[in-house]
Amino acid sequence: MSGACFDCPRRCGALRPELPDNASLLPGICASPLQPVVARAGLHFWEEPVISGTRGSGTVFFSGCNLRCVFCQNFEISALHKGSVITVARLKEIYRDLISQGAHNINLVTPTHFLRAVLASLDEKLPVPVVYNSNGYEAVEALRLLEGKVQIYLPDLKYFDDELARRYSQAPDYFATATRAIDEMFRQTGRYEIGEDGLLKRGVVIRHLVLPGHLADSMKIIDYVKNRFRKGDVLFSLMRQYLPCGRVLKGEFPELNRKLNFREIRRIEEALFRSGIEDGFLQDGCAADAKFIPAFDGTGVARS
């Protein structure tokens with residue numbers, strides 16, 4: 001793993017080091033080394049039911065990110081890079097550890113900027129599905145390298161409006177980029193398949209987090225998914241878990257410094273029901289609680 005990095009849509013060409021050095025800042029938008037940095041690995045029970053099941057999803061939370069979402073609920077790892085550098089060999093061991101604990105799948109959370117390490121870690125097929133849990137801001141060329149290695153894609157579709165994407169994630173090309181990526185994910189997996197055990201075996205689950213004050217954008221996302229995909233193609237997960245985090249808590253972006261109100265929740269529910277989308281999930285409003293944010297304390301990362 002070496003050379004300039006063009007793995008994500010930023011295509012910044014940063015000369016990322018294998019390991020972090022003594023420099024205070026690493027190059028590139030993701031500001032990450034090539035070797036994976038992991039903040040937590042453990043069974044996670046708060047994904048969609050078809051992913052968490054009864055025994056939990058085997059989640060690996062990577063540090064760093066190629067977006068700059070000002071409201072990120074995982075801000076301490078996405079922006080502040082809390083976590084430990086590990087080897088690809090250790091990453092494989094973590095997969096085995098999680099599977100031995102009963103994980104229904106291996107869930108790679110924000111893996112985009114560690115594509116090379118992820119590819120190396122999946123050189124042998126795992127006995128459970130691999131979930132690629134992404135912010136949606138992906139390069140199609142990079143996703144093609146994952147074909148056959150990933151069975152379930154779990155992308156965000158954060159914004160329809162380019163100005164919102166620029167303001168809140170520094171990615172004015174987000175919608176065009178993410179929708180191309182989702183099309184590629186769907187090409188790879190085909191229509192979703194749920195087993196007799198109620199668990200997703202393969203397919204795409206598109207997530208959208210509703211932001212306070214921006215229901216019009218969310219309604220456009222719902223319309224896009226309704227018009228782009230047929231019944232049985234993909235699952236759609238409408239998330240109402242927004243709570244102020246990250247830079248919002250520092251007094252920036254005051255328009256986002258609140259939870260969704262009852263009127264907004266009711267309106268977005270009505271929009272979803274009117275759309276006719278039946279394949280998917282509507283998140284419970286009580287999910288907007290900090291207790292559902294995992295503790296990024298290194299659990300499951302170091303050898304026991």
Side-chain angles (χ1 to χ4, degrees), residues 46-52 69 71 73 133-138 152-169 171-187 189-194 198-200 202-244 253 255-289 292:
W46 303 322
E47 305 286 30
E48 286 76 5
V50 293
I51 292 175
S52 287
C69 299
F71 51 82
Q73 294 184 354
N133 187 338
S134 151
N135 59 34
Y137 196 59
E138 303 280 349
I152 298 168
Y153 284 100
L154 188 57
D156 292 338
L157 187 51
K158 294 180 181 291
Y159 313 100
F160 186 93
D161 184 80
D162 291 344
E163 177 55 26
L164 291 182
R166 182 203 62 76
R167 176 167 172 77
Y168 297 139
S169 296
D173 60 341
Y174 179 86
F175 181 77
T177 300
T179 50
R180 284 194 299 267
I182 290 170
D183 283 349
E184 171 60 20
M185 295 171 185
F186 179 64
R187 184 195 69 78
T189 68
R191 308 183 86 195
Y192 72 85
E193 298 176 13
I194 297 177
L199 295 173
L200 189 62
R202 63 184 302 110
V204 178
V205 183
I206 301 172
R207 284 175 163 173
H208 174 68
L209 175 66
V210 182
L211 298 179
H214 294 296
L215 263 63
D217 200 64
S218 293
M219 291 176 182
K220 291 176 183 177
I221 292 290
I222 291 172
D223 285 343
Y224 172 80
V225 173
K226 175 192 69 175
N227 294 324
R228 182 72 183 90
F229 297 101
R230 299 173 298 168
K231 181 176 174 58
D233 280 352
V234 302
L235 292 165
F236 180 63
S237 184
L238 187 67
M239 305 175 75
R240 302 181 299 181
Q241 70 183 42
Y242 179 86
L243 70 162
F253 309 96
E255 71 274 18
L256 296 182
N257 196 15
R258 64 175 177 86
K259 296 182 181 181
L260 297 173
N261 59 41
F262 176 78
R263 181 172 178 271
E264 289 172 320
I265 291 173
R266 186 178 62 185
R267 286 185 61 201
I268 201 65
E269 285 180 354
E270 291 172 349
L272 180 62
F273 296 146
R274 284 197 307 270
S275 75
I277 296 175
E278 298 179 355
D279 300 325
F281 310 93
L282 176 61
Q283 190 179 47
D284 194 314
C286 69
D289 193 310
F292 293 110

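Counting from 1, the numbers follow the sequence of the chain as shown.
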Can a side-chain donor-acceptor contact be found between [Y] and [X] if the only test is distance below 3.5 angstrom?
X      : Y      : answer
Ser169 : Tyr159 : yes
Ser237 : His208 : no
Asp173 : Tyr137 : yes

Quiz item: By side-chain contact (heavy atoms from CB on, under 4.5 Å), which residues pair with Glu255, not counting sequence neighbours?
Solution: Arg167, Tyr168, Phe253

Practice problem: With sequence neighbours excluded, tell me which residues meet side-chain contact (heavy atoms from CB on, under 4.5 Å) with Ile194. | Solution: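 So Ile194 forms a side-chain contact (heavy atoms from CB on, under 4.5 Å) with Val50, Tyr192, Leu200.
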
Exercise. Carefully, step by step, assess Glu270 and Arg267 under the rule salt bridge (charged side-chain N to carboxylate O under 4.0 Å, His left out).
Key: CA-CA 5 Å; Glu270 291 172 349; Arg267 286 185 61 201; over 6 Å; no

Under a 3.5 Å distance rule, please check whether [X] uses its side chain to pair with a backbone N or O of [Y] as donor and acceptor.
X      : Y      : answer
Ser52  : Pro49  : no
Glu264 : Pro212 : no
Tyr174 : Lys158 : yes
Arg202 : Thr189 : yes
Gln73  : Gln241 : yes

According to salt bridge (charged side-chain N to carboxylate O under 4.0 Å, His left out), who are the partners of [X], at least two apart in sequence or on a separate chain?
X      : answer
Glu48  : Arg207
Lys231 : Glu278, Asp279
Arg230 : Asp233
Glu138 : none

Quiz prompt | Tyr242 and Val210: CA distance, side-chain angles, deciding distance, side-chain contact (heavy atoms from CB on, under 4.5 Å) verdict | solution = CA-CA 7 Å; Tyr242 179 86; Val210 182; over 6 Å; no

Value rounded to 0.5 Å, distance of [atom1] in [X] from [atom2] in [Y]:
X      : Y      : atom1 : atom2 : answer
Glu193 : Leu199 : CD    : CG    : 13.5 Å
Ile277 : Ile206 : CD1   : CD1   : 8.5 Å
Met185 : Ile182 : CE    : CD1   : 6.5 Å
Ile265 : Leu215 : CD1   : CG    : 9.5 Å
Leu211 : Arg258 : CG    : CZ    : 10.5 Å
Lys220 : Asp161 : NZ    : CG    : 6.0 Å

Exercise. Evaluate ring pair (Phe, Tyr, Trp, His ring centres under 6.0 Å) for Phe236 paired with Phe281, printing each intermediate quantity in order.
Key: CA-CA 6 Å; Phe236 180 63; Phe281 310 93; over 10 Å; no

Could you tell me if the side chain of [Y] sits less than 4.5 Å from the side chain of [X], heavy atoms only?
X      : Y      : value
Leu243 : Phe71  : no
Leu272 : Leu282 : yes
Leu154 : Ile51  : yes
Met219 : Ile268 : yes

Practice problem: List the atom of Pro155, the atom of Gly136, and the distance in Å for their closest heavy-atom pair. | Solution: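 For Pro155 versus Gly136, the nearest heavy atoms are CB-CA, 4.2 Å.
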
Exercise. Measure across Asn257 and Pro244 and return the closest heavy-atom pair with its distance rounded to 0.1 Å.
Key: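 Between these two residues, the closest heavy atoms are OD1-CB, 3.4 Å.
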
Exercise. On the 0 to 90° scale, with breaks at 30° and 60°, tag the Phe160-Phe175 ring pair as parallel, tilted or perpendicular.
Key: tilted

Quiz item: Hey, what's the ring geometry for Phe292 with Trp46, parallel, tilted or perpendicular (30° and 60° as the breaks)?
Solution: perpendicular

Exercise. Please assess Thr179 against Arg228 for the test side-chain contact (heavy atoms from CB on, under 4.5 Å), listing each intermediate value before the final yes or no.
Key: CA-CA 10 Å; Thr179 50; Arg228 182 72 183 90; over 6 Å; no

Practice problem: Evaluate side-chain contact (heavy atoms from CB on, under 4.5 Å) for Leu256 paired with His214, printing each intermediate quantity in order. | Solution: CA-CA 9 Å; Leu256 296 182; His214 294 296; 4.1 Å; yes

Practice problem: Answer yes or no: is there an ion pair linking Glu269 with Arg266, defined by an N-O contact shorter than 4.0 Å? | Solution: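 Salt bridge between Glu269 and Arg266, a charged N being under 4.0 Å from a carboxylate O: no.
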
